Amino acid sequence: MATDFWASSHYKRWIVDRATLKESRLDDLQYVDDPEYLDFFAMFFANVITKLGKKLNFRQRVIATAIVFFRRFYIKNSYCETDPFIVIAACCYVAGKAEESPVHIKNMVAEARLFFSQQPYGVKYFPSDNSKLAEMEFYLVADLECDLTVFHPYRTLLSICKKESSNDLQTEAGEVGVGVDDGSRYWGSGDGQLELPDDAFQLAWSIVNDTYRSDICLLYPPHLLAITALYLAVVLHGPTRELLQQQSHSTEATPVHSSPRRSSRQSSSTSLGHAKKPSQDFVAFFADLNVSMPLVATIAQEIISLYTLWERYLEDSDLVDSARGAFHGHPSTLTQPGASHSGVSTPVESLDDAQRLHGATPTFLLQVLTRMRENRLSDMAQASSGRPVAVNKMLERTQAAG
């Protein structure tokens with residue numbers, strides 16, 4: 001893997017802006033009633049890739065790479081013109097190779113075919129022929145422009161928090177500032193690293209995992225996502241938040257010159273406190289970072305918006321590596337498919353308009369996807385309509401093969 005993020009294809013070609021993302025969804029927007037459905041699609045397909053990756057015993061990094069490949073592919077393509085399920089299988093297959101965790105194509109086809117045939121997906125047309133997946137792999141790599149190097153926030157997270165093992169991962173120069181002779185480390189002077197409890201670090205790790213359920217990974221460099229995850233973890237983790245509040249109160253009390261008389265008990269406790277190692281100043285640590293904190297705050301708002309939308313995505317799944325509960329305090333009743341705000345259970349297949357306003361289920365999204373593809377094919381077949389349709393011949397062949 002390339003060790004310098006700033007010289008990599010990831011930074012030069014695959015950090016895009018919102019205008020590019022909006023343009024990539026123009027065709028799909030013509031076939032949905034609500035543009036928000038496309039945001040739900042992002043969550044739905046990320047969950048599908050995560051579940052399939054766990055079936056294949058992939059590490060989290062491999063799953064994250066497969067999701068990034070999927071997002072990059074759909075910068076250039078539309079849901080309504082492709083079969084996302086064979087694209088998902090190809091993304092997992094290629095990600096396994098790129099991250100040195102290869103899966104035999106026979107096993108990939110067998111696992112994907114079995115997994116997609118189950119509910120709620122019910123995909124009966126997934127090809128059993130290995131050559132179809134191999135063909136889709138060719139189209140995928142072509143649309144990715146053979147750029148298979150993907151940087152993730154995980155290594156930055158490990159490096160900043162002193163969690164990195166020399167026998168496990170090698171820090172990437174340029175991404176985290178180690179091994180670069182010119183310039184200071186991006187986190188500042190390098191005099192220290194963030195000291196977080198294990199459960200707070202795990203919360204930051206889970207927040208990073210959750211960012212892959214949106215297009216945030218296409219918009220910002222990975223080290224900014226790692227710093228934002230740490231920023232949110234410090235605030236959301238109970239003991240760390242209490243320590244942060246204590247530091248804030250002590251800072252406010254410091255400029256006061258006239259202090260009240262201290263008792264002997266307070267003096268003794270103060271002397272004992274000086275004997276202990278002082279706790280790390282989290283505010284000073286983030287203030288000394290060589291990054292734009294307003295930009296970090298912007299990313300934090302986008303992550304919070306992701307969790308707000310996620311509360312309305314109704315999927316019965318137990319994602320133990322998610323930080324969703326930390327943002328909402330307790331599992332929402334919306335996690336049960338078919339449950340409305342009134343608590344009355346209704347079949348997912350018969351969602352009424354009121355329920356659709358509140359959220360979406362995998363079954364409902366699959367129905368939307370089916371209608372999108374059918375309407376798109378109908379428009380392409382009606383040449384007399386005079387509507388210009390750009391057809392990707394390779395994807396047309398893949399769709400026919402699927």
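As the structure is a computational prediction, the values presented were derived from the model and not from experiment.
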Heavy atoms only: give me the nearest L369-P84 pair and the separation to one decimal. CD2-CG, 3.9 Å

With rounding to the nearest 0.5 angstrom, report the CG to CD1 distance, L157 to I207. 9.5 Å

Tell me, do E81 and R373 make a side-chain contact under 4.5 Å, heavy atoms counted? no

Side chain to side chain donor-acceptor pair (under 3.5 Å) involving N57 - partner list, sequence neighbours excluded: none

Could you pull out all residues at least two apart from P120 that satisfy side chain to side chain contact (heavy atoms under 4.5 Å, CB included)? P362, T363

Partners of S9 by side chain to side chain donor-acceptor pair (under 3.5 Å), sequence neighbours excluded? none

Mind checking whether V32 and R371 have side chains closer than 4.5 Å, heavy atoms only? no

Considering only heavy atoms from C-beta outward, does the side chain of M108 approach that of N130 to under 4.5 Å? no

Return the set of residues passing side chain to side chain contact (heavy atoms under 4.5 Å, CB included) with V141 (not counting sequence neighbours), or none when no residue passes. V94, E137, C146

Look at atom CD of E145 and say whether more than 12 heavy atoms of other residues, nucleotides or ligands are closer to it than 6.0 Å. yes

Measure the spacing between OG1 of T228 and NE2 of H223 and express it to the nearest 0.5 Å. 9.5 Å

R61/E99 ion pair, N-O < 4.0 Å: yes

Is S206 reaching over with its side chain to a backbone N or O of Q202, donor-acceptor style, under 3.5 angstrom? yes

Taking salt bridge (charged side-chain N to carboxylate O under 4.0 Å, His left out) as the cut-off, I'd like each qualifying pair that reaches into residues 215-237, sequence neighbours left out, listed once. R71-D215

I need the minimum non-hydrogen distance between C91 and A66, along with the two atoms involved. CB-O, 3.6 Å

Is the Y154 ring parallel, tilted or perpendicular to the Y212 ring (thresholds 30°, 60°)? parallel

Side-chain heavy atoms of K54 within contact of I63, under 4.5 Å: yes

With the side chain counted from C-beta on, respond yes when N47 and Y313 share a heavy-atom pair under 4.5 Å apart, and no when they do not. yes

Is the backbone of V150 close enough, under 3.5 Å, to the side chain of H10 for a donor and an acceptor to pair up by distance? no

If you apply the rule side-chain contact (heavy atoms from CB on, under 4.5 Å), what do you find for F41 with V368, and how did you get there? CA-CA 10 Å; F41 274 139; V368 173; 4.1 Å; yes

Closest approach of A42 and S214, non-hydrogen atoms and distance? CB-CA, 4.5 Å

For atom OH of Y231, decide whether the heavy atoms of other residues, nucleotides or ligands shown that lie under 6.0 angstrom number more than 12. no

My understanding is that only residues two or more places apart in sequence, or in another chain, count here; which of them pass side chain to side chain contact (heavy atoms under 4.5 Å, CB included) with S101? R59, V62

Between the NE2 atom in H152 and the OG1 atom in T211, the distance rounded to the nearest 0.5 Å is 10.0 Å

Sequence-distant partners of R25, salt bridge (charged side-chain N to carboxylate O under 4.0 Å, His left out), two or more places apart: D28

Would E311 and Y307 count as a side chain to side chain donor-acceptor pair (under 3.5 Å) here? Give the steps. CA-CA 6 Å; E311 274 297 285; Y307 286 108; over 6 Å; no

Look up atom CD in E111 and atom CZ in F116, then write down how far apart they are to the nearest 0.5 Å. 11.0 Å

Would you give me the side-chain donor-acceptor pairs under 3.5 Å for residues 297-306, sequence neighbours excluded?
{"unit_1": "T298", "atom_1": "OG1", "unit_2": "P294", "atom_2": "O", "d": "3.0"}
{"unit_1": "E302", "atom_1": "OE1", "unit_2": "R18", "atom_2": "NH2", "d": "2.6"}
{"unit_1": "E302", "atom_1": "OE2", "unit_2": "R18", "atom_2": "NH2", "d": "3.1"}
{"unit_1": "E302", "atom_1": "OE2", "unit_2": "Y220", "atom_2": "OH", "d": "2.5"}
{"unit_1": "S305", "atom_1": "OG", "unit_2": "Q301", "atom_2": "O", "d": "2.9"}

CA sep, side-chain torsions, deciding dist, call: Y31, D379, side chain to side chain donor-acceptor pair (under 3.5 Å): CA-CA 11 Å; Y31 300 99; D379 286 348; 2.8 Å; yes

Return yes if some donor-acceptor pair links the side-chain N/O of N107 with the main-chain N/O of V103 below 3.5 Å, else return no. no

Apply the test side-chain contact (heavy atoms from CB on, under 4.5 Å) to residues V87 and F69: give CA-CA distance (whole Å), side-chain angles for both, the deciding distance (0.1 Å), then the verdict. CA-CA 9 Å; V87 175; F69 286 166; over 6 Å; no

Could I get the full list of side chain to side chain contact (heavy atoms under 4.5 Å, CB included) partners for K12, not counting sequence neighbours? none

D147 meets the side chain to side chain donor-acceptor pair (under 3.5 Å) criterion, sequence neighbours left out, with R13, W14

In terms of heavy-atom contacts, C80 and M372 come closest through CB-O, 3.8 Å

Rounding to 0.5 Å, atoms SG (C92) and NZ (K55) come to a distance of 13.5 Å

Check ring pair (Phe, Tyr, Trp, His ring centres under 6.0 Å) between F70 and all other residues, then give those that pass, not counting sequence neighbours. F45, Y74

Who passes ring pair (Phe, Tyr, Trp, His ring centres under 6.0 Å) against Y11, sequence neighbours left out? F5, W6

Would you say K76's side chain and D143's backbone share a donor-acceptor pair under 3.5 angstrom? yes

For a side-chain contact (heavy atoms from CB on, under 4.5 Å) check, start with the C-alpha distance between L219 and D17, then their side-chain angles and the critical distance, and finish with the verdict. CA-CA 6 Å; L219 295 170; D17 54 20; 5.6 Å; no

Going through the checks in order, is the side-chain contact (heavy atoms from CB on, under 4.5 Å) test met by L218 and I15? CA-CA 5 Å; L218 298 176; I15 298 293; over 6 Å; no

Closest contact, heavy atoms only, P153 versus L225: CG-CB, 3.9 Å

Could you give me the CA-CA distance, side-chain angles and deciding distance for Y139 and F73, then say whether ring-ring contact (aromatic ring centres under 6.0 Å, His included) is met? CA-CA 10 Å; Y139 303 145; F73 178 83; 9.3 Å; no

Check whether any side-chain heavy atom of W205 sits under 4.5 Å from a side-chain heavy atom of F201, and report yes or no. yes

Quick one, I67 and T50 - any side-chain contact, counting heavy atoms below 4.5 Å? yes

Can you measure from CG (D129) to CD (E135) and round to the nearest 0.5 angstrom? 9.5 Å

For the backbone of E374 and the side chain of S378, can you confirm whether one donor and one acceptor N or O come within less than 3.5 Å of each other? no

Specify the closest pair of heavy atoms between M136 and I86, including all atoms of both residues, with the distance to one decimal. CG-O, 3.8 Å

Under 3.5 Å, side chain of T82 to main-chain N/O of S78, donor-acceptor pair present? yes

F364 ring center within less than 6.0 Å of Y37 ring center: yes

Between the side chain of S117 and the main-chain N/O of L114, is any donor-acceptor distance below 3.5 Å? yes

When the ring centroid of F85 is compared with that of Y125, is the distance short of 6.0 Å? no

